[in-house]
Structure formats: C-alpha cells, structure tokens
Participant: 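This is the structure I have questions about; it appears just below.
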Amino acid sequence: MKSVDNGTIIKNGLKSSQEVILELGKVLVPVIFFVTFLEVSGILPIIAGSAEPLMNIFGLPGEAAMVLVIGNLTNVYGAIGAMLSIDITQQQLTVLSVMVTISHSLPTETAVVSKAGAQGRWVLIYRVIASLVFGFLVNLFLTI
C-alpha cells in the first residue's frame with residue numbers, strides 16, 4: 001500500500017483551488033463590475049423596465065433579462081456574477097438558474113455541436129425554447 005503524504009495533498013489542493021479561483025475571477029469580476037456600472041449609470045433600470053413584461057411571465061424582475069443575456073452569451077459563471085448584482089428571491093434565483101443552465105454559452109456550444117455534426121441552429125432553437133418553457137413551468141410549480 002502506498003503511503004499518503006498529507007503535505008503534498010494539501011499543496012496540490014491549494015494549487016488547484018488557486019487555479020479555479022483565478023479562472024472564475026476572470027469571468028465574475030468583470031461581469032459584476034459591468035452590471036454594477038449599468039445599475040449606477042441608470043442604464044440597467046431602463047433595460048429592466050423594457051424587459052419587465054417579458055420577465056414577468058417567468059416571475060422574474062426586469063433585471064433578470066441582463067442575467068439571461070450574459071449567461072447565454074458567455075457562460076454559467078458570467079450569469080452567476082450578474083445574479084450577484086441584482087436583488088432576487090430564492091424562487092426567482094431557482095427559475096433563473098434553471099433557464100441559464102439550459103441555455104448558457106450559446107455561441108460556443110452551438111459551434112461545438114455544429115463541428116460534431118449536429119445542426120447547430122436547431123440545437124440553439126431547442127435550447128432557447130426549452131429554457132423558456134422550463135422557466136415558465138418551474139415558476140408555475142413554485143407558486144402553487
């Protein structure tokens with residue numbers, strides 16, 4: 001049986017943790033800064049106001065539109081950064097998380113599935129529709 005060196009395990013764990021934190025920071029910090037800038041500059045309330053009617057279908061505030069756009073164009077971590085910048089309930093967080101989980105990183109993943117032989121545009125359409133349908137259903141079930 002091999003002996004385990006706790007010092008090596010801790011050292012490797014800390015190194016891996018540092019790498020993950022740096023990778024997440026590259027996404028989270030700029031997104032949080034961007035959304036906070038939009039809020040402070042008065043642009044986010046304008047966007048939220050225009051998106052409010054659509055977002056209400058999912059039980060979400062208008063600001064959630066920014067989270068969906070960021071998540072759909074970047075990745076889940078970008079959406080998390082944007083979520084940290086808005087005030088939402090646990091129910092809204094759940095609905096938004098379901099929607100972003102289904103339709104995150106659309107440009108990147110559409111390109112990947114296209115290269116793999118699938119029809120990218122159909123995968124994109126299905127993911128967006130699934131995100132909307134499940135967002136609506138999760139909100140509906142959580143309000144019952």
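Along the sequence shown, residues are numbered consecutively beginning with 1.
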Participant: Show the numbers, then the answer: is there a side chain to side chain contact (heavy atoms under 4.5 Å, CB included) between Ile80 and Val67?
Facilitator: CA-CA 8 Å; Ile80 291 169; Val67 175; over 6 Å; no

Participant: So, do Phe34 and Val31 sit near enough that their side-chain heavy atoms are less than 4.5 Å apart?
Facilitator: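 No, every pair of side-chain atoms sits at 4.5 Å or beyond.
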
Participant: Any idea which heavy atoms bring Val95 and Gly135 closest together, and the distance?
Facilitator: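 It is CG1-O, 3.5 Å.
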
Participant: Tell me if a side-chain donor or acceptor on Ser85 pairs with a main-chain N or O of Val35 at a distance below 3.5 Å.
Facilitator: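 Side chain of Ser85 to backbone of Val35: no pair is present.
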
Participant: Among Leu96, Asn139, Val138, Leu60, which one satisfies side chain to side chain contact (heavy atoms under 4.5 Å, CB included) with Gln91?
Facilitator: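 The single option meeting the side chain to side chain contact (heavy atoms under 4.5 Å, CB included) with Gln91 is Asn139.
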
Participant: Report yes if some heavy atom in the side chain of Phe58 is under 4.5 Å from a heavy atom in the side chain of Leu132; otherwise report no.
Facilitator: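 The answer is yes; the side chains approach within 4.5 Å.
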
Participant: For His104, does its backbone N or O pair with a side-chain atom of Arg127 as donor and acceptor, under 3.5 Å?
Facilitator: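 The answer is yes, because a donor-acceptor pair under 3.5 Å joins these two groups.
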
Participant: If I compare all heavy atoms of Ala79 with all of Val100, which pair ends up nearest, and what's the gap?
Facilitator: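 Where Ala79 meets Val100 most closely, the heavy atoms are CB-CG1, 3.5 Å.
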
Participant: Do Met55 and Glu52 come within less than 4.5 Å of each other through their side chains, counting heavy atoms only?
Facilitator: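 No - every pair of side-chain heavy atoms lies 4.5 Å or more apart.
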
Participant: More than 12 heavy atoms of other residues, nucleotides or ligands under 6.0 Å from CD of Gln18: is that the case?
Facilitator: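 For Gln18, atom CD is not crowded (no more than 12 foreign heavy atoms under 6.0 Å).
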
Participant: Where is the tightest heavy-atom contact between Ala65 and Ala51, given as atom of each residue plus distance?
Facilitator: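 It is CB-CB, 3.5 Å.
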
Participant: Are any side-chain N or O atoms of Ser50 and backbone N or O atoms of Ile47, one a donor and one an acceptor, separated by less than 3.5 Å?
Facilitator: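 Yes; at least one donor-acceptor contact below 3.5 Å.
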
Participant: Under a 4.5 Å side-chain heavy-atom rule over Ile, Leu, Val, Met, Phe, Trp and Tyr, are Ile102 and Val123 clustered together?
Facilitator: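 In one cluster with Ile102: Val123, no.
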
Participant: Answer yes if Leu73 and Ile43 sit in the same cluster of Ile, Leu, Val, Met, Phe, Trp and Tyr residues linked by side chain heavy atoms under 4.5 Å apart, and no otherwise.
Facilitator: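 They do not share one cluster, since no chain of ILVMFWY contacts under 4.5 Å joins Leu73 to Ile43.
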
